[in-house]
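The chain is numbered in sequence order, starting from 1. No experiment lies behind these values; they were computed from the predicted model shown. We use all heavy atoms of the structure for the numbers below, so side chains are in, but hydrogens, waters and symmetry mates are not.
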Amino acid sequence: MQDKTAAIIVIGNEILSGKVVDTNAAFLCQELRTLGVALGRILVIPDELDAIAEAVRAYQPAFDVVFTSGGVGPTHDDVTIAGVALGLNRRVILHPWLKEKIREFFGDKINDARLKLAEVPEGAELIFGGDRNFPSLQVENIYVLPGIPELFREKFLGMRSRFAVDPYFLRVVYMRVAESMIAGHLNETLEAFPHVQMGSYPKLGDPEYLVRVTVESKDRDYVDRAFDHLVAQLPADLIVRTE
């Protein structure tokens, strides 16, 4: 089975202060799961150079791919590029292609803030994709994405196919029973099939079911056998439906 691990570094004082609710990490979680990528960490940190560099030093060697969200604009608190560069011991440079395009776009209204949009860690690759005529960045195994949710999604979808590995297979059973009543059956199934990932998720106020149990693996046959084993243990009259 082909595996790939990932981490997400969400950067922004606005997230930590509650001014903005992060949706980029949730979106990326779902996308990566669909692609078969195992997400290992989500880290939310402030717009601080040293905090970004520290996260990069910790996550870059620990995961196959690392995504950053936010902090790539023209303002004083957009320090992601500098933080990533510091974490990788690289210089920040003005990318020639970006610099030229920005000069063409702004003409005689160019200024330092707008030129900041051309900054990249030295050696970064431009990744084009989506409808807008500006790229995302890749440096080593780090993908630097904008924090605006619409742009984040567009840019990720433009590079999505490069991350695909063997997918996960998911089976689900919905039940009208308290979680505590089935915990033993879940444990017994995990002992018999230790390589599946199992989750149990209670739901309050839903007229259909009280708990949703998921069983996942990259081995379709293995997950089917584990799922059948689990369902055989459960009281049939309390099973609402399976997927």
Side-chain angles (χ1 to χ4, degrees), residues 1-13 15-16 20-72 80-81 83-90 121 124-125 127 136-147 149 152-153 155-172 186-187 189-190 193-201 212-220 222-223 226:
M1 296 294 170
Q2 187 180 8
D3 291 316
K4 184 176 287 184
T5 61
I8 304 171
I9 304 173
V10 179
I11 301 161
N13 295 339
I15 305 296
L16 293 169
V20 173
V21 175
D22 172 60
T23 58
N24 292 341
F27 165 77
L28 199 50
C29 286
Q30 295 173 344
E31 289 291 326
L32 293 175
R33 197 68 179 179
T34 301
L35 292 166
V37 178
L39 181 64
R41 294 285 188 283
I42 300 174
L43 177 68
V44 183
I45 56 176
D47 298 297
E48 295 177 3
L49 198 63
D50 289 340
I52 298 169
E54 180 182 354
V56 166
R57 291 189 195 103
Y59 285 13
Q60 187 275 331
F63 296 94
D64 294 318
V65 290
V66 177
F67 299 91
T68 71
S69 167
V72 293
T80 295
I81 297 295
V84 170
L86 181 62
L88 297 176
N89 292 317
R90 294 173 181 240
E125 173 190 350
I127 303 175
S136 301
L137 301 179
Q138 177 191 353
V139 54
E140 300 190 21
N141 59 338
I142 298 175
Y143 293 81
V144 180
L145 297 174
F152 183 94
R153 296 178 187 209
K155 291 303 175 185
F156 177 77
L157 293 176
M159 64 176 77
R160 183 179 188 276
S161 60
R162 66 173 60 195
F163 305 112
V165 288
D166 292 324
Y168 288 96
F169 296 99
L170 172 69
R171 299 296 306 274
V172 185
L186 305 186
N187 292 336
T189 300
L190 280 173
F193 295 90
H195 301 301
V196 295
Q197 297 179 28
M198 185 176 292
S200 175
Y201 308 102
R212 176 171 63 104
V213 176
T214 64
V215 184
E216 283 182 282
S217 169
K218 290 198 169 191
D219 185 327
R220 184 194 292 271
Y222 190 75
V223 75

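By the 4.5 Å heavy-atom criterion applied to side chains, Ile45 and Glu54 are not counted as neighbours. Using a 4.5 Å heavy-atom cutoff, the side chains of Asp3 and Val165 are not in contact. Between Pro121 and Leu88, every side-chain heavy-atom pair lies at or beyond the 4.5 Å cut-off. Considering only heavy atoms from C-beta on, Cys29 comes within 4.5 Å of Ile42 through its side chain. At least one side-chain heavy atom of Arg153 sits under 4.5 Å from a side-chain heavy atom of Thr23. Inter-residue side-chain proximity for Ser136 and Val144 is flagged as unmet; no heavy-atom pair is nearer than 4.5 Å. Counting only heavy atoms from C-beta outward, the side chains of Asp22 and Phe152 never approach each other to under 4.5 Å. Between Leu137 and Val139 the shortest side-chain heavy-atom distance does not fall below 4.5 Å.
Counting only distance, with no hydrogens or angles, the side chain of Glu31 and the backbone of Arg33 share no donor-acceptor pair below 3.5 Å. The closest donor-acceptor contact from the side chain of Thr5 to the backbone of Asp64 lies under 3.5 Å. Using modelled atom types, no side-chain atom of Lys4 and backbone atom of Val65 make a donor-acceptor pair closer than 3.5 Å. In this structure, Thr80 contributes its side chain and Gly71 its backbone to a donor-acceptor pair below 3.5 Å. A distance-only check finds no donor-acceptor pair linking the side chain of Tyr59 to the backbone of Ile9 [under 3.5 Å]. Remark: the backbone N or O of Gly36 is not paired with any side-chain donor or acceptor of Asp166 at under 3.5 angstrom.
Between Phe156 and Phe163, the ring planes lie parallel to each other; the angle is under 30°, not in the 30° to 60° tilted range.
Considering all non-hydrogen atoms of both residues, Ala226 and Val215 come closest at CB-CG1, 4.2 Å. The shortest non-hydrogen separation linking Asn141 to Phe63 is ND2-O, 2.9 Å. Considering every non-hydrogen atom in both Ser200 and Leu186, the closest pair reads CB-CD1, 3.8 Å. For the pair Thr34 and Pro167, the tightest heavy-atom approach, listed with the atom from each and the gap, is O-CB, 4.4 Å. Of all non-hydrogen atoms in Val21 and Ile15, the two that sit nearest each other are C-CD1, 4.4 Å. For the pair Ile11 and Pro46, the tightest heavy-atom approach, listed with the atom from each and the gap, is CG2-O, 3.9 Å.
Atom CG of Leu170 sits about 11.5 Å away from atom CZ of Arg220, to the nearest 0.5 Å. Note that OH of Tyr168 and CG of Asp219 are 13.0 Å apart. Values are rounded to the nearest 0.5 Å. The distance from the NZ atom of Lys218 to the CZ atom of Phe169 is 10.0 Å, given to the nearest 0.5 Å. Of the inter-residue distances, the one linking Arg162 atom CZ with Leu35 atom CG reads 12.5 Å to the nearest 0.5 angstrom. Atom CD of residue Gln138 and atom CZ of residue Phe67 lie 9.5 Å apart, to the nearest 0.5 angstrom. Distance CE/Met198 to OG1/Thr214: 8.0 Å, rounded to 0.5 Å.
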